[in-house]
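For the numbers below, each heavy atom of this structure counts, side chains included, while hydrogens, waters and symmetry mates do not.
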Amino acid sequence: MPEPYPPGIEPYAHGMLDVGDGNRVYWEACGNPAGKPALVLHGGPGSGAGLFWRRLFDPAAYRIVLLDQRGCGRSTPDAADPRTSLAANTTHHLIADIEQLRRYLGIEEWLVVGGSWGVTLALAYAEQHPGSVSGLVLFSVTNTTRREVEWVTRDMGRIFPEEWARFRGAVPEAERDGSLVDAYARMLADPDPAVRERAAREWCRWEDVHVSTLPGHRPDPRYEDPRFRMRFARLVTHYWRHAAFLEDGALLRDAGKLAGIPGVLIHGRMDISGPADIAWHLAQVWPDAELVLIGGEGHGLGTSMTSAVVAATDRFRA
């Protein structure tokens with residue numbers, strides 16, 4: 001199986017795109033300016049487009065475009081600041097940002113590569129703008145439905161009971177039997193900075209737990225940064241409590257709009273955060289998608305998952 005491309009793939013262009021509503025999103029382009037255009041949609045929401053994404057593409061063959069979605073990474077304003085409003089930060093705003101960036105860069109269509117939350121965004125974008133998408137490579141497949149949010153925030157307590165008890169116990173007692181994502185969002189908006197910080201810390205602690213299904217898992221070092229914790233927790237709870245601002249089940253219902261767009265769905269059988277049935281159901285209604293289920297892999301880019309993603313982008317080079 002192929003390995004990721006060597007590090008050191010640096011941008012040949014970058015900038016801040018004014019997308020309105022007081023938001024400016026950071027973008028960069030790497031690889032071959034005359035190559036096949038490809039767009040990266042990072043996870044989270046709120047993670048930002050890290051350097052490793054560049055290594056999933058052959059830099060001689062691809063014009064690799066990375067985008068930090070609204071409020072995170074190098075985009076401004078920063079959602080880590082509690083004064084930053086998230087009112088103009090929805091899936092529909094992000095889709096419009098992607099299209100504005102595509103037109104700004106003079107790209108007719110691009111291969112879209114997304115992981116986790118980036119899969120939800122990629123599917124929503126492709127179903128709304130199928131003519132802008134030449135193909136899709138999606139790993140750790142999610143649809144961010146209300147059922148998925150309930151699974152992550154409540155049902156997984158059956159698998160991690162001690163850790164979930166701490167996660168649930170961090171919210172006010174009167175809210176523990178209701179929507180935990182709503183409770184955390186309220187805590188993250190509390191005027192008391194100590195309440196906000198505790199909520200961000202406990203939310204990110206739980207995030208680290210439910211991806212820790214494989215031996216040798218190490219805590220994500222990004223959660224040690226208080227600004228990253230706050231940014232990530234605010235954006236995830238904002239999108240999750242609104243089920244990605246999409247009609248529930250719409251991505252699966254409208255998958256017929258992807259007809260003619262080739263895709264690869266790559267998913268780990270040990271992914272507890274996003275069970276494999278999410279990817280399987282999508283593959284049943286998207287006739288041009290190939291489903292790749294990888295044993296012994298969980299949520300995110302483990303060794304075999306990374307190899308599968310690189311193999312997929314290599315196949316789409318031509």
Any side-chain donor paired with an acceptor under 3.5 Å for [X] and [Y]?
X: Tyr239; Y: Asn89; value: yes
X: Glu28; Y: Tyr26; value: yes
X: Ser116; Y: Thr142; value: no
X: Asp314; Y: Tyr5; value: yes
X: His210; Y: Ser273; value: yes

Exercise. For residues Phe316 and Tyr62, establish whether the separation of their ring centroids is below 6.0 Å.
Key: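 Centroid distance Phe316-Tyr62: not below 6.0 Å, so no.
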Quiz prompt | Ring center gap for Phe160 and Phe167 short of 6.0 angstrom | solution =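 Ring centroids of Phe160 and Phe167 are no less than 6.0 Å from each other.
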Quiz item: Looking at Val310, Val119, Val309, which hits side chain to side chain contact (heavy atoms under 4.5 Å, CB included) with Val137?
Solution: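 Among Val310, Val119, Val309, the one meeting side chain to side chain contact (heavy atoms under 4.5 Å, CB included) with Val137 is Val309.
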Quiz item: If you count the non-hydrogen atoms of other residues, nucleotides and ligands that lie under 6.0 Å from OH in Tyr104, is the total more than 12?
Solution: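 No.
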Donor-acceptor contact present, side-chain [X] to main-chain [Y], <3.5 Å:
X: Gln128; Y: Ala96; result: no
X: Arg317; Y: Ala61; result: no
X: Asp68; Y: Gly48; result: no
X: Ser140; Y: Gly300; result: yes
X: Arg70; Y: Thr76; result: no
X: Arg176; Y: Val171; result: yes

Practice problem: Check the hydrophobic clustering (I, L, V, M, F, W, Y; side-chain heavy atoms under 4.5 Å; chains of links allowed) and say if Val40 and Ile261 are grouped together. | Solution: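 Val40 does not cluster with Ile261.
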Exercise. State plainly whether one hydrophobic cluster holds both Ile278 and Leu251, where clusters connect Ile, Leu, Val, Met, Phe, Trp and Tyr through side-chain heavy atoms under 4.5 angstrom apart.
Key: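 Same cluster.
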Practice problem: Assign the ring pair Trp203 / Trp240 to parallel, tilted or perpendicular, where the plane angle (0 to 90°) is split at 30° and 60°. | Solution: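 Rings of Trp203 and Trp240: perpendicular, over 60°.
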Practice problem: Could you tell me how the ring of His242 sits relative to the ring of His238: parallel (under 30°), tilted (30 to 60°) or perpendicular (over 60°)? | Solution: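 His242 vs His238 ring planes: perpendicular.
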Quiz item: In chain order, what residues pass the side-chain hydrogen bond (donor to acceptor under 3.5 Å, both in side chains) check against Arg102, with sequence neighbours excluded?
Solution: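 Scan of Arg102 (side-chain hydrogen bond (donor to acceptor under 3.5 Å, both in side chains), adjacent residues dropped) gives Glu99, Ser132.
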